[in-house]
Asker: 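This is the structure I want to talk about, given as C-alpha cells.
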Amino acid sequence: MGASAWIVPERQQDGGSSVSVMQNHLAYFLNMDWKRMSLAEEQYRAKAISEWLEHHSFLVLLDDVQDGYYPDLTAVGLPMTLGRRQKVVLTSRSLVVCHHMGCTISNTLEMKCLGEEDAWSLFKYNAGVEITESDNEIYEFAKQMVSACEGLPRAIRAIGIGVAGATCRGKHLADWRFAYKRFKAKNLPPERMEEIVAVLV
C-alpha cells in the first residue's frame, strides 16, 4: 500500500470547513507540501490531493462517521472512481450513514457488540486490575458498569480507563464506591459513555 490515512470526519464547532480539516489530514499523511497546501483554496487542495491519489495505491479510513454529517469526499479530493489497490473504508454506528455514503450490502460488514465474557475481559484490561467474585462489592460495581455499556467496545474501554484513574488501579472499596456513585449519577447511554472518563478521573 502506497499511503494510508486515518481521519475522523467532524462537523466543525466554530463554523470552519470540515473539508479543509480533512484535506489538511490527508496532506499530512501523504507528505505533501504542507506550507503550500495550507495557503491554497479548498478547490486547489482537492485537485492536488486527487492528482496525487490517482497515481498511487492508498487506504483511507474514515472513522466514526456520524449520522447527520456526511463528508463530501469529492470536495476533499478523494477520487470517486477508485482504481486497483485504492480503498476508502468507513466506520459508523449507523447503517443509515453507510447507505448515504454509498455502501452496499455486499461491502458492508456489521460488527457485533461484545459478549459478556469479552466485555468483562476488555474492562479488566483497561481498568488495570484483576477483579474476581471474591472481591464482593467491587465485583458488583464493576459488573453493573460493564453491563450498562451493552457490549459496545468504546464504552467499555472508556469505563475501564475512567475507573483506572478513579481507583489508581487498586481495590480500595471507598474509591470504587465513589467511582460507581459518579457513574450512576451521570447515567449515560452506551454511545456517550466516553464522556465518563472526565467524570470519574
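Computation of the quantities below employed the complete heavy-atom set of this structure, encompassing side-chain atoms and omitting hydrogens, waters and symmetry-equivalent molecules. We're numbering straight along the sequence, starting at 1. All figures in this text were calculated on a predicted structure; none of them were measured in a lab.
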Asker: Using the ring of each side chain (for Trp, its six-membered ring), is Tyr139 parallel, tilted or perpendicular to Trp120, with breaks at 30° and 60°?
Answerer: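 Tyr139 and Trp120: perpendicular rings.
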Asker: Return the SG to CD distance between Cys149 and Gln144, rounded to the nearest 0.5 Å.
Answerer: 12.0 Å
Asker: Report yes if the side chains of Met101 and Leu73 come closer than 4.5 Å at any heavy-atom pair, otherwise no.
Answerer: yes
Asker: Mark yes when over 12 heavy atoms from residues, nucleotides or ligands other than His56 sit less than 6.0 Å from its NE2; otherwise mark no.
Answerer: yes
Asker: Are the side chain of Gln86 and the backbone of Leu53 linked by a donor-acceptor contact shorter than 3.5 Å?
Answerer: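 At least one qualifying donor-acceptor pair exists.
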Asker: Looking at every heavy atom in both Val76 and Ile49, which two are closest together, and how far apart are they?
Answerer: O-CD1, 3.7 Å
Asker: So, for Ala166 and Leu200, which heavy atoms are closest and what is the spacing to 0.1 Å?
Answerer: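 Smallest interatomic distance, heavy atoms only, reads CB-O, 3.3 Å.
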Asker: Which atoms form the tightest heavy-atom contact between Gly128 and Arg169, and what is the distance?
Answerer: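 Result for this residue pair: CA-NH1, 3.1 Å.
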Asker: Going from OG on Ser18 to NE2 on His25, what distance comes out if it is rounded to the nearest 0.5 angstrom?
Answerer: 10.5 Å
Asker: Are there over 12 heavy-atom neighbours, none belonging to Lys171, within less than 6.0 Å of that residue's NZ?
Answerer: yes
Asker: When you look at Val163 and Phe123, which way does the side chain to side chain contact (heavy atoms under 4.5 Å, CB included) test go after all the steps?
Answerer: CA-CA 9 Å; Val163 164; Phe123 170 79; 4.2 Å; yes
Asker: Does atom CD (Glu116) have a neighbourhood of more than 12 heavy atoms from anything else shown, all under 6.0 Å?
Answerer: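 Counting neighbours around CD of Glu116, 12 or fewer heavy atoms of other residues, nucleotides or ligands fall under 6.0 Å, so no.
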Asker: Using a strict cut-off of less than 4.0 Å between a Lys/Arg side-chain nitrogen and an Asp/Glu carboxylate oxygen, indicate whether Arg192 and Glu195 qualify as a salt bridge.
Answerer: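 So Arg192 pairs with Glu195 through a salt bridge.
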Asker: For Trp52 and Ala3, which heavy atoms make the closest approach, and how far apart are they?
Answerer: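 Heavy-atom minimum between the residues: CH2-CB, 3.8 Å.
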Asker: So, applying side chain to side chain contact (heavy atoms under 4.5 Å, CB included) with Asn126, which one of Ile161, Ile156, Ile159 is it?
Answerer: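 Of the listed options, the one satisfying the test is Ile161.
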Asker: Measure the CG-NZ distance between Asp118 and Lys112 for me, rounded to the nearest 0.5 Å.
Answerer: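 The distance works out to 15.0 Å.
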Asker: Sequence neighbours excluded, which residues qualify as side chain to side chain donor-acceptor pair (under 3.5 Å) partners of Glu133?
Answerer: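 Residues passing side chain to side chain donor-acceptor pair (under 3.5 Å) with Glu133: none at all.
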Asker: Say you draw a straight line from NZ of Lys87 to CZ of Phe58; how long is it, rounded to the nearest 0.5 Å?
Answerer: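 If we round to the nearest 0.5 Å, Lys87:NZ and Phe58:CZ are 10.0 Å apart.
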Asker: Would you say Met22 and Asn24 make side-chain contact, with heavy atoms under 4.5 Å?
Answerer: no
Asker: Do Phe178 and Ile131 sit in the same hydrophobic cluster, where Ile, Leu, Val, Met, Phe, Trp and Tyr count as joined when their side-chain heavy atoms come under 4.5 Å apart?
Answerer: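 Result: no, two separate clusters.
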Asker: Out of curiosity, does Phe29 fall in the hydrophobic cluster containing Leu78 (side-chain heavy atoms, cut-off under 4.5 Å, transitive links)?
Answerer: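 Hydrophobic grouping puts Leu78 apart from Phe29.
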Asker: Quick one: does any side-chain atom of Ser50 pair with a main-chain N or O of Ala46 as donor and acceptor, under 3.5 Å?
Answerer: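 Side chain of Ser50 to backbone of Ala46: no pair is present.
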Asker: As an exercise, state the distance from CD of Glu42 to CG of Asp72, rounded to the nearest 0.5 Å.
Answerer: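 Rounded to the nearest 0.5 Å, the CD-CG separation comes out at 9.5 Å.
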Asker: With a 4.5 Å limit on heavy-atom distance, are the side chains of Tyr44 and Arg36 in contact?
Answerer: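 The answer is yes; the side chains approach within 4.5 Å.
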Asker: To the nearest 0.5 Å, what is the distance between NZ (Lys47) and CD (Gln43)?
Answerer: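 Rounded to the nearest 0.5 Å, the NZ-CD separation comes to 12.0 Å.
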Asker: Any ion pair linking Glu41 and Arg45 (charged N to carboxylate O, less than 4.0 Å)?
Answerer: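 Looking at Arg45 and Glu41, the cut-off is not met.
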Asker: Can you name the one residue among Ile105, Leu109, Leu90 that meets side chain to side chain contact (heavy atoms under 4.5 Å, CB included) with Cys98?
Answerer: Leu90
Asker: Taking Met32 as the starting point, is it possible to reach Leu39 by hopping between hydrophobic residues whose side chains are less than 4.5 Å apart?
Answerer: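 As far as the 4.5 Å side-chain criterion goes, Met32 and Leu39 are not connected within one cluster.
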Asker: Within the distance-only criterion (no hydrogens, no angle test), does the side chain of Arg93 pair as donor or acceptor with the backbone N or O of Gln66 below 3.5 angstrom?
Answerer: no
Asker: Can you confirm whether Met111 is buried at CE, in the sense that more than 12 heavy atoms of other residues, nucleotides or ligands lie under 6.0 Å from that atom?
Answerer: no
Asker: Distance only, no hydrogens: is a donor on one side chain within 3.5 Å (strictly under) of an acceptor on the other, for Thr132 and Ser134?
Answerer: yes
Asker: Quick one: do Tyr125 and Trp176 end up in the same hydrophobic cluster if we chain Ile, Leu, Val, Met, Phe, Trp and Tyr together by side-chain heavy atoms under 4.5 Å apart?
Answerer: no
Asker: Any salt bridge linking Arg157 with Glu194? Criterion: basic side-chain nitrogen under 4.0 Å from a carboxylate oxygen.
Answerer: no
Asker: Can you list the residues that meet the side chain to side chain donor-acceptor pair (under 3.5 Å) rule with Asn107, with sequence neighbours excluded?
Answerer: Thr104
Asker: Give a yes or no on whether the backbone of Cys103 and the side-chain of Thr108 come within a donor-acceptor separation of less than 3.5 Å.
Answerer: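 Side chain of Thr108 to backbone of Cys103, a donor-acceptor pair under 3.5 Å: no, none is there.
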Asker: Can you check side chain to side chain contact (heavy atoms under 4.5 Å, CB included) on Asp135 and Glu137, steps first, answer last?
Answerer: CA-CA 6 Å; Asp135 293 309; Glu137 205 170 344; over 6 Å; no
Asker: Indicate yes or no: at least one non-hydrogen side-chain atom of Lys184 is less than 4.5 angstrom from one of Phe141.
Answerer: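 Result no, sub-4.5 Å side-chain heavy-atom pair not found.
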Asker: Could you tell me which non-hydrogen atom of Pro71 sits nearest to which non-hydrogen atom of Pro9, and how far apart they are?
Answerer: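 Scanning both residues, the minimum pair turns out to be CG-CB, 4.0 Å.
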Asker: Are the charged groups of Glu130 and Lys124 less than 4.0 angstrom apart, N to O?
Answerer: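 Yes, this pair counts.
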Asker: Testing the 3.5 Å rule here: is there a donor-acceptor pair between the side chains of Asp64 and Thr91?
Answerer: no
Asker: Taking all atoms of both residues into account, what is the closest heavy-atom pair of Ala75 and Gln23, and its distance?
Answerer: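 Taking Ala75 first and Gln23 second, the nearest heavy atoms are O-NE2, 3.2 Å.
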Asker: Taking the side chain as C-beta and beyond, is there a heavy-atom pair between Arg154 and Glu191 under 4.5 Å?
Answerer: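 Side chain of Arg154 against side chain of Glu191, heavy atoms only: no contact under 4.5 Å found.
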Asker: Taking Leu152 as the starting point, is it possible to reach Val197 by hopping between hydrophobic residues whose side chains are less than 4.5 Å apart?
Answerer: no
Asker: Does some side-chain heavy atom of Leu62 sit less than 4.5 Å from a side-chain heavy atom of Val88?
Answerer: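 Heavy-atom side-chain distance check passes, below 4.5 Å.
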